[in-house]
Every structure is written in C-alpha cells, then in structure tokens.
Amino acid sequence: MLRSAVALGAAALLIGAGTAASAHGSPKGADPEDQALRFDPDGYTTLTVAVDGEPTTVRWYKELCYVAEPVLMSEDQVRFGQPITIDNPGCGYQSMNVYVPEAAFADEDAALYLAVNNAGWFASYVRTSVTDGAAYDTSTSNIGAALAEGYVVIDVGTRSREVVGADGSWPGKSPAPVVDAKAAVRYLRLNDAAMPGSAERIVVNGTSGGGGLSAILGASGNSRDYLPYLAEIGAAGIDAKGRSTLRDDVLAINAYCPITDLGNADIAYEWLYSILGTRAATGQDPFPETTEALAAEFAAYERSLRLRNPDGTRLTADTMLEALHGEVAGSAVAFMQGGGVIEGYGWITVDNAADTVTSIDLASYLEYVVTQTTLKPAPSFDQSGTPAPGTLGGPGQGESSLFGTSDMAYSNFTAFSWNTNEVLGDGTGLDDTGLTWSRYVRKPGTIVDDQVRLLDPMEYIGTSADTAPYWYVRHGALDRDTAFTVSINLDRALEADRSVEDVDYRLAWNTKHAGNYDVPEAMAWIAEVLADADGASHHRRR
C-alpha cells in the first residue's frame with residue numbers, strides 16, 4: 001500500500017499543517033465560512049415515532065447545509081434510470097438531516113450514527129429516514145435500533161456520479177463524494193459544543209457504494225490530499241491559506257458489501273470468476289479475451305499489496321483461493337453457531353450438530369453464487385459508452401461516470417479500458433487522445449489517476465492518515481457485485497495497520513448484495529466499540 005502524493009500538483013501548495021481542535025468545541029478565530037456554518041440548537045421540528053411500540057420523541061434538524069459554498073444543482077435529476085425532481089437544488093446534495101432521540105437531548109457523549117446512502121456510488125440526495133408517526137422494529141431497522149440506543153442519527157447527502165449541475169455539468173466526479181462526507185464530519189466537529197452527542201464518537205454506516213464511501217472516509221482521516229477540494233466548497237475548518245483547523249477522522253466504520261478499490265476491481269473480478277472456470281461453466285463468458293487479459297494482471301497486483309493472512313503467510317494469487325475457502329467456511333460456522341441449519345447445498349458439507357465444515361468445493365460454490373445473480377460483463381466497472389445522465393443511466397453501467405472532468409459524461413479510469421476504448425468522440429481513451437494510459441497519466445494536469453486514488457482506502461490504510469480504529473465489514477457470501485478478493489484484501493490491510501484496534505470482517509452466509517440485515521449483531525458491536533473507546537481513551541490519537 002503506497003502512500004500517495006498530494007493531489008493535483010500545484011494545488012498542493014495551498015495545503016498547510018495544523019489540525020488541532022478541541023474535543024468539544026471549535027477552534028478560536030474561526031473564519032467567516034465557519035461562522036456561516038454555525039448550528040442553531042433551537043431550529044428543530046418535533047417528531048413522534050414508535051420504536052418497538054414505544055412512543056419516542058425526536059428532534060429533527062432539517063437539511064442542514066454543511067458547506068458554505070454548495071454547488072447549485074439542476075432541479076431535474078435521474079435516479080436509477082428514473083427522472084426525479086428535487087426540492088432543494090441549492091444544497092440538497094450537500095446537507096444532512098439530524099435526528100436526536102429524547103435520550104440524547106442533553107447527552108454530550110451520545111454517539112453520532114452517520115449514514116451515507118450512495119448505492120452504486122450514485123449521488124445521494126439527502127434522505128429522510130425518520131418521519132413523524134413512523135414505526136420502527138429494532139430487530140430489523142438500523143435507524144430504529146440507533147434511536148433506541150440513544151444515538152444521534154444523521155442522514156448525509158453527497159454529490160457523486162450522475163448528479164447534474166444547474167449549468168449542465170456533472171459536479172459529482174471523484175473525489176466529490178469523499179470530500180462531501182469529510183465536510184459533513186467537519187461540520188459536526190465545528191459545532192460539537194452546540195449539538196447533542198459527541199463528534200468524537202462518529203460511527204459511519206453505508207452499503208454498496210455507500211460501503212465504499214464509508215471505507216475511504218474511515219481510511220483517509222485528516223489526509224491533506226483533500227484540503228484543496230474542501231476549500232473549494234467552503235467546508236468547515238479550512239482557513240484562508242488552505243490549512244486545516246479541524247479534523248475529519250471518525251471512530252468506527254459499519255460497512256456492507258463495499259464497492260471499493262475501483263482501479264483494480266475489474267482485475268479482481270475477472271480473476272475470481274475465471275481462475276476456476278466459473279464464467280465458462282455457467283455460460284456467462286461473452287468476452288473471453290477481455291476476461292483473460294484482465295485476470296492475467298491479478299497476480300502482480302496482489303503481490304504488490306504485500307499482505308499477509310492471519311497465520312502469517314503471504315496473501316498472493318497462489319494463496320487467495322485458500323483464503324477464500326477459509327472465509328466461506330467461517331461464514332458457515334458463524335451461521336450454524338447462531339442457530340442456523342445448513343442443508344441442501346451441493347458445494348458444502350457440514351456437521352450441523354458440531355457446527356463444523358467438512359468440505360467445500362470452491363468451483364461449485366462460485367458457480368452457485370453466479371447462478372443466483374448473473375455475472376456482470378467484462379469489464380464490469382470501467383466500461384466505455386456509459387449512457388449520459390438523463391438518458392438510460394442506472395445500475396449496471398459501470399462506475400466510469402465517477403471519473404473525468406465535470407464536462408464529461410464519463411472517463412475510462414483503468415489501463416485496460418483506456419487502451420481498448422473504441423467509442424470515438426467520447427473524449428477518453430487511446431482512440432480519442434492518441435495516448436496510451438501510461439503516457440496519459442504522466443501528463444501534467446491529468447486528474448483521472450488522482451480521482452481513482454482518492455477513492456481507494458488501500459492507498460491510505462497503513463499510512464500517516466488517521467484511519468478509523470474500529471471496523472465492521474460484511475460482504476454477502478452470495479454477492480457477485482464485486483469480487484470477494486476485494487473485501488479480503490481490505491480486511492488483511494486493516495489487520496496490518498497498527499492504529500486499527502478491531503476488525504470484525506465476515507462473509508454473511510447466504511446473503512446477496514445488501515446491507516443492514518444483521519441489525520442486532522451490528523448494534524451490539526457498536527456498543528462494544530463505544531465502551532472500548534471510552535475505556536482506552538485512545539480514540540482521539542493526537
């Protein structure tokens with residue numbers, strides 16, 4: 001995991017040192033933008049909801065704009081391929097809804113349960129998770145369970161792929177979602193003394209692209225790489241010289257099926273589903289030459305990470321299947337230990353009475369996974385010809401619309417897709433630029449390689465960034481949306497980071513691409529994390 005250079009060359013000259021801020025309060029001499037972002041403790045609406053049948057009063061602070069210079073958006077947007085009209089083009093994608101349950105009204109130490117809602121890495125208009133008169137079951141609703149625990153619940157909107165600006169541009173290009181999430185954290189730190197709860201106890205929750213956003217937010221705490229972007233939108237804690245006066249690290253990450261490591265996701269995907277012949281065996285191999293070319297790059301990439309398994313052995317392409325076998329077995333054992341019964345699967349043999357796994361046929365397992373949900377075509381993430389926002393859009397079109405300049409519908413962001421792009425006139429690829437990927441990224445001012453790096457937690461874990469000390473990561477054992485190797489790598493990298501106190505990683509048995517399906521277990525983990533952080537008094541490591 002290599003420490004990256006500061007983004008965008010000359011812009012880095014704006015960056016200075018200084019991240020000190022009090023635990024409960026804001027730095028002295030706050031600039032005008034910080035003054036404009038002050039929280040009004042009296043600006044709430046009172047809601048009444050039922051949590052497990054019990055009436056609960058909640059204070060709702062509606063659509064708090066967490067930046068001083070939000071990007072004006074078009075009222076007409078597309079969400080998952082469907083046209084929508086937004087009510088707040090001025091700040092709906094850069095605001096937060098804050099819900100304070102009565103148990104936290106005067107509790108300065110209540111945890112802040114911060115939810116990012118970027119499925120598929122799409123832009124997230126600020127969500128309203130708590131509504132007047134709603135009923136919540138704490139066994140199935142993470143929002144209800146958080147309210148019941150006395151946590152302050154926060155829904156965060158962020159720019160990301162395919163959001164359309166008022167000027168017709170696409171202002172959600174990387175690293176916009178990370179920058180916005182960091183700006184939200186900085187708003188909470190700026191207003192810590194005035195708001196219920198503690199900004200030192202932020203737990204970030206996200207699924208899919210939101211899981212990926214959670215991971216990079218948790219990995220890159222206080223990195224200077226993001227300061228120029230934070231300054232551009234008037235984020236709290238950036239002074240006139242571009243220096244940071246507040247922190248944006250968080251305490252804990254609660255991530256589900258994180259779509260992450262996008263720059264290598266195609267490589268990992270094609271290796272996993274070709275190494276044992278899965279694509280061919282299931283008739284899902286429409287582009288075999290592409291699959292073969294991408295899979296061939298996996299061994300070198302995996303070796304470059306220099307990761308180890310829990311037993312100390314190297315995690316390489318040669319040992320990855322053994323590691324996957326262990327994770328699948330662990331998933332089955334955990335399910336049986338929780339009272340589940342496993343039977344009727346042709347690829348696994350277990351002893352339910354003893355909670356043990358006798359055998360696993362990995363080839364048959366992977367075939368079973370992709371007969372539950374069809375594989376993505378190759379390449380899966382960096383595709384050419386992604387429809388422009390407002391036409392088809394939606395899931396399944398790849399993540400290319402996250403990259404490129406704001407006047408481009410999309411850009412290729414990996415060497416393979418760049419060098420093989422055959423869509424003339426799309427402004428990206430060897431065909432349009434006349435430059436191979438390696439030559440292109442050496443050009444001064446190139447941003448795509450920076451955009452990839454700034455979304456990748458593997459670039460920050462184990463570096464000088466203040467990575468969150470607590471991680472709960474779940475990846476469905478039937479989830480074909482990203483390769484299992486990606487989450488295994490994330491787990492091993494976190495385990496090797498000495499600043500990380502706890503990593504609770506597991507493949508979730510018989511679960512597809514989803515999140516928050518294990519609410520009691522996740523909430524129990526959060527409670528343990530908060531108690532541990534209190535006891536060790538180490539969660540602010542400055």
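- Between the side chains of Tyr301 and Asn489, no donor N or O sits under 3.5 Å from an acceptor N or O.
- Among all heavy-atom pairs drawn from Ala176 and Pro171, the shortest one is CB-O, 3.8 Å.
- Side-chain atoms of Asp502 do not come within 3.5 Å of backbone N or O of Tyr470 as any donor-acceptor pair.
- In this structure a side-chain-to-backbone donor-acceptor pair under 3.5 Å is present from Thr446 to Lys443.
- Note that the CG atom of Leu307 and the CD1 atom of Ile488 stand 11.0 Å from one another [nearest 0.5 Å].
- With sequence neighbours excluded, no residue forms a ring pair (Phe, Tyr, Trp, His ring centres under 6.0 Å) with Tyr113.
- Put simply, the side chain of Thr278 never gets that close to the backbone of Leu366: no donor and acceptor are under 3.5 Å apart.
- Between Glu495 and Val500, every side-chain heavy-atom pair lies at or beyond the 4.5 Å cut-off.
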Intermediate values then yes/no, side chain to side chain contact (heavy atoms under 4.5 Å, CB included), Arg474 and Glu521: CA-CA 11 Å; Arg474 291 292 182 269; Glu521 181 182 7; 3.1 Å; yes
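- Side-chain N or O atoms of Thr260 include none that pairs as donor or acceptor with a backbone N or O of Gly212 at under 3.5 Å.
- By the 4.5 Å heavy-atom criterion applied to side chains, Leu402 and Leu455 are counted as neighbours.
- For the pair Asn254 (side chain) and Val203 (backbone), a donor-acceptor distance under 3.5 Å is absent.
- Here the shortest heavy-atom pairing between Leu507 and Ser487 reads CD2-OG, 4.5 Å.
- With Phe298 as the partner, the ring pair (Phe, Tyr, Trp, His ring centres under 6.0 Å) test is satisfied by one option alone out of Trp271, Phe416, Tyr269: Trp271.
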Chi angles and distances behind the side chain to side chain contact (heavy atoms under 4.5 Å, CB included) call for Val452, Thr414: CA-CA 9 Å; Val452 174; Thr414 63; over 6 Å; no
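- Here the side chain of Lys182 pairs no donor or acceptor atom with the backbone of Leu217 at under 3.5 angstrom.
- Smallest separation of non-hydrogen atoms from Val448 and Ser411: CG2-OG, 3.6 Å.
- With values rounded to the nearest 0.5 angstrom, Leu305 atom CG is found 7.5 Å from Asn264 atom CG.
- Note: Asp407 CG to Lys173 NZ = 8.5 Å, rounded to the nearest 0.5 Å.
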Asp432 vs Asn421, side chain to side chain donor-acceptor pair (under 3.5 Å): CA-CA, chis, key distance, verdict: CA-CA 9 Å; Asp432 278 12; Asn421 183 331; over 6 Å; no
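- Residues passing the ring pair (Phe, Tyr, Trp, His ring centres under 6.0 Å) test with Trp471: none are found, sequence neighbours excluded.
- Listed for the Gln372 side chain is no donor-acceptor partner under 3.5 Å among the backbone atoms of Lys512.
- Looking at every heavy atom in both residues, Arg314 comes nearest to Asn309 through O-ND2, 3.6 Å.
- Counting all heavy atoms, side chain and backbone alike, Pro258 lies closest to Thr482 at O-CG2, 4.0 Å.
- One side chain, Asp311 or Thr313, offers a donor N or O that lies under 3.5 Å from an acceptor on the other.
- Contact of the Pro379 side chain with the Leu294 side chain is registered, since non-hydrogen atoms from C-beta on lie closer than 4.5 Å.
- Between Ile238 and Arg186 the shortest side-chain heavy-atom distance falls below 4.5 Å.
- With sequence neighbours left out, the ring pair (Phe, Tyr, Trp, His ring centres under 6.0 Å) criterion links Tyr472 to Trp525.
- Here the straight-line distance linking atom CG of Asp497 with atom CZ of Arg492 works out to 15.5 Å at 0.5 Å rounding.
- At a threshold of 4.5 Å between non-hydrogen side-chain atoms, the residues Tyr229 and Val178 do not count as touching.
- Sequence neighbours left out, the pairs with a member in residues 272-297 that pass salt bridge (Lys or Arg N to Asp or Glu O under 4.0 Å) are Glu270-Arg279.
- The pair Glu399-Lys376 fails the salt-bridge criterion, with no side-chain N (NZ, NE, NH1 or NH2) lying under 4.0 Å from an Asp/Glu carboxylate O.
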Ser400 and Asp382: CA distance, side-chain angles, deciding distance, side chain to side chain donor-acceptor pair (under 3.5 Å) verdict: CA-CA 5 Å; Ser400 300; Asp382 186 5; 3.0 Å; yes
Side chain to side chain contact (heavy atoms under 4.5 Å, CB included) assessment of Leu478 paired with Thr511: CA-CA 5 Å; Leu478 300 184; Thr511 301; 6.0 Å; no
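- At a threshold of 4.0 Å, the pair Arg453-Asp456 does not count as salt-bridged, since none of the basic side-chain nitrogens sits closer than that to a carboxylate oxygen.
- Looking at Thr158 and Ser160, their side chains never bring a donor and an acceptor atom within 3.5 Å of each other.
- Put simply, the side chain of Thr405 does not reach to within 4.5 Å of the side chain of Trp170, judged on heavy atoms.
- Among all heavy-atom pairs drawn from Arg224 and Pro228, the shortest one is O-CD, 3.9 Å.
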Worked verdict on Tyr517 versus Tyr256 for ring pair (Phe, Tyr, Trp, His ring centres under 6.0 Å): CA-CA 9 Å; Tyr517 39 73; Tyr256 295 89; 5.3 Å; yes
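- Looking at Asn419, its side chain does come within 3.5 Å of a backbone N or O of Ala415 through a donor-acceptor pair.
- Within a 6.0 Å sphere centred on CD of Glu422, other residues, nucleotides and ligands contribute 12 heavy atoms or fewer.
- Between the Asp248 side chain and the Asn222 main chain, a donor and an acceptor come within less than 3.5 Å of each other.
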Test side chain to side chain contact (heavy atoms under 4.5 Å, CB included) applied to Asn142 and Met523, step by step: CA-CA 8 Å; Asn142 62 313; Met523 287 296 164; 4.2 Å; yes
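- Of the inter-residue distances, the one linking Phe413 atom CZ with Ser401 atom OG reads 9.0 Å to the nearest 0.5 angstrom.
- Between Asp155 and Asn117, some side-chain heavy-atom pair lies under the 4.5 Å cut-off.
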Verdict with supporting geometry, Asp167 and Ser169, side chain to side chain donor-acceptor pair (under 3.5 Å): CA-CA 6 Å; Asp167 60 358; Ser169 68; 2.6 Å; yes
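- Within the structure, the ring pair (Phe, Tyr, Trp, His ring centres under 6.0 Å) test picks out the following pairs touching residues 418-442 (sequence neighbours left out): Trp418-Trp437, Trp418-Tyr440.
- Although no hydrogens or angles enter the test, the distance criterion places no donor-acceptor pair under 3.5 Å between the side chain of Asp355 and the main chain of Val333.
- Every ring pair (Phe, Tyr, Trp, His ring centres under 6.0 Å) that Tyr345 has, sequence neighbours left out, goes to Trp347, Tyr368, Trp509.
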Verdict with reasoning, Thr428 to Asp426, per side chain to side chain donor-acceptor pair (under 3.5 Å): CA-CA 6 Å; Thr428 182; Asp426 64 356; 5.5 Å; no
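- One finds the OH atom of Tyr365 at 9.0 Å from the CD1 atom of Ile348 (value rounded to the nearest 0.5 Å).
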